[in-house]
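First comes the structure, then the notes that go with it.
These values consider heavy atoms only, across backbone and side chains, with no hydrogens, waters or symmetry-generated copies. Protein chains get the first letters and strands the later ones, always in sequence-line order, with residue 1 at the start of each. Worth saying up front: this structure is predicted, and the values here are computed from it rather than measured.
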Number of protein chains: 2
Amino acid sequence: MRILLVEDEKHLSDNIKKGLSEAGFAVDAAFDGEEGLYLATTETYDCIILDIMLPKMDGVKICETMRLKGYKTPILMLTAKGSVEEVAQGLDSGADDYLTKPFAFIELKSRIQALLRRGQTEASPVLRVADLELDPGKHTVSRAGKGISLTPKEFSILEYLMRHRGEVVTRTMIIEHVWDINYENMSNVVDAFMATLRKKVDKNRSVKLIHTLHGVGFKISTKP
Amino acid sequence: MRILLVEDEKHLSDNIKKGLSEAGFAVDAAFDGEEGLYLATTETYDCIILDIMLPKMDGVKICETMRLKGYKTPILMLTAKGSVEEVAQGLDSGADDYLTKPFAFIELKSRIQALLRRGQTEASPVLRVADLELDPGKHTVSRAGKGISLTPKEFSILEYLMRHRGEVVTRTMIIEHVWDINYENMSNVVDAFMATLRKKVDKNRSVKLIHTLHGVGFKISTKP
DNA sequence: AGACGATCTTCATAAAATCTTAATTTACTC
DNA sequence: GAGTAAATTAAGATTTTATGAAGATCGTCT
């Protein structure tokens, strides 16, 4: 098993590398974002550990770029303590798991093993809310076992909602995620898509999953 | 939480204001430097967002003036991309952080939250008074584990009260934090909202949490 | 290139929820 | 008990959201 570690704090990097090597992994270390991305895309790894705060290019950017290019390698992000934003950004950019610093080494090891295991059995984690399932890998959605066909934007919005299940998601968050940063939004695109999503996901169902929080945004969950 | 935004590009300003409002902030917008400085020194804000390039008076000048007069309000500067000069000048003049355009809104939001957090006593993510809980992130409130649904204004007021738990909060303080400057209030809005808040939070409970201090204001705590 | 179909975006309007005001009742202070 | 201050309500004003349909855009295929 080969692992890439992208971490700029020399001391921490050395420690992790030592520990993982002892556990039988082959570890490559990169010390800045550019080097990390270069290695990640030119070599083959079974898992990548990415610090978020990095010189030259941050971890989120690396992760996004890789997913954009189609790399499915499991990615574990290291985030600063207490930064909910970082965690959200990280998972959003396509990371499979995260760990907040500081952490116990054994914790890191077990997360990595979980990721590697997951990679073997099921290619990608399926998102689930009640009887609604979304498989990011296969790009399929189903409710109560029956397939639902969604357009790309619809899929992307639903995926985003499901990755934040139970939490409020504002229109701006959705816009920034599904469209690009420079999209000048003064319209009601999001609302229009919510309407079509509802039609496909919730219509004729006794239990509604998509809820509006007036004045705030939307939320997907079993309870309003 | 009240924020002043000084930005002359109408479109960008509107977008930022919209996003921050969604996130529960009260936002005042100024469109040139003089207006910005005037508001910054006559009103009270929890954070100020300053564009550097502005008509009449640039952001650096505003920042310098404020620090000279002793204002400690956290300031976030917006600079043009790649202008190292601007960044240096900005931080030099007393700004607390900067962001280069263009930026993702989530980035701006997280910077602001970081600044606000820094100022306070490391705000815990969930606010709690007795069995009443408010989660600013998830935008949820519950008492004794049972969810309570609040409108945006109700939520804002309750959050403000809870951030000052045990302290007296006057009507003026509430008005200034929850509404923005264009609100000319001589009515009893606050009282009206306190009534609905009480109905949702305290009704049918043996322990009341919202208390009136006659002639002064309100307070949230277990003891009157 | 042109035509078709699918998807995305905007617009208009109806419906719902929230906010504000004002009038009335109740409580507090001296 | 008089005079304020606060609580409570209900109705009207305003804002926000839902939704269907028309127009624009994109990609694919011939």
Could I get a table of every N or O pair under 3.5 Å where one atom is in the protein and the other is in nucleotides 26-30 of chain C?
none

Is the shortest side-chain N/O distance from [X] to OP1 or OP2 of [N] below 4.0 Å?
X: A:Lys199; N: D:dG20; result: yes
X: A:Arg171; N: D:dT17; result: yes
X: B:Ser187; N: C:dA22; result: no
X: B:Thr212; N: D:dA5; result: no
X: B:Trp179; N: C:dT20; result: yes

| said: Is there a salt bridge (charged side-chain N to carboxylate O under 4.0 Å, His left out) between B:Arg143 and B:Asp202? Walk through the geometry before answering. | reply: CA-CA 9 Å; B:Arg143 180 148 187 196; B:Asp202 274 346; 3.0 Å; yes

[N] [atom2] sits how many Å from [X] [atom1], rounded?
X: A:Ile175; N: C:dT9; atom1: CD1; atom2: P; answer: 8 Å
X: A:Phe155; N: C:dT7; atom1: CZ; atom2: C1'; answer: 16 Å
X: B:Lys208; N: D:dA7; atom1: NZ; atom2: C1'; answer: 14 Å
X: A:Phe218; N: C:dA17; atom1: CZ; atom2: P; answer: 14 Å
X: B:Asn188; N: D:dA11; atom1: CG; atom2: C1'; answer: 14 Å
X: B:Asp202; N: D:dT8; atom1: CG; atom2: C1'; answer: 15 Å
X: B:His211; N: D:dA5; atom1: NE2; atom2: C1'; answer: 19 Å
X: A:Asp191; N: C:dC11; atom1: CG; atom2: P; answer: 14 Å

| field | N-O pairing of B:Asp14 and B:Lys10 below 4.0 Å | value |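 A salt bridge is present here (some side-chain N lies under 4.0 Å from a carboxylate O).
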
| query | Are A:Glu167 and A:Lys219 within salt-bridge range, i.e. N to O under 4.0 Å? | reply |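 A:Lys219 and A:Glu167: not salt-bridged.
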
| If we ignore angles and hydrogens, is there a donor and acceptor under 3.5 Å between the side chains of A:Thr212 and A:Arg198? |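 A donor-acceptor contact under 3.5 Å links the two side chains.
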
| Does one side chain, of B:Glu7 or B:Ser13, offer a donor that lies under 3.5 Å from an acceptor on the other? |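 Their side chains do not contain a donor-acceptor pair, so the 3.5 Å distance test is not met.
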
| request: Please report the C-alpha distance between A:Leu158 and A:Leu132 in whole Å, then the side-chain angles of each, then the deciding distance to 0.1 Å, and finally whether the side-chain contact (heavy atoms from CB on, under 4.5 Å) criterion is met. | output: CA-CA 11 Å; A:Leu158 185 61; A:Leu132 177 67; 4.3 Å; yes

| Do A:Phe218 and A:His211 make the cut of ring centroids closer than 6.0 angstrom? |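 Not under 6.0 Å, so no.
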
| field | Closest nucleotide among C:dT9, D:dT19, C:dT20 to the B:Lys153 side chain | value |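 Taking heavy atoms from C-beta onward, the closest nucleotide is C:dT20.
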
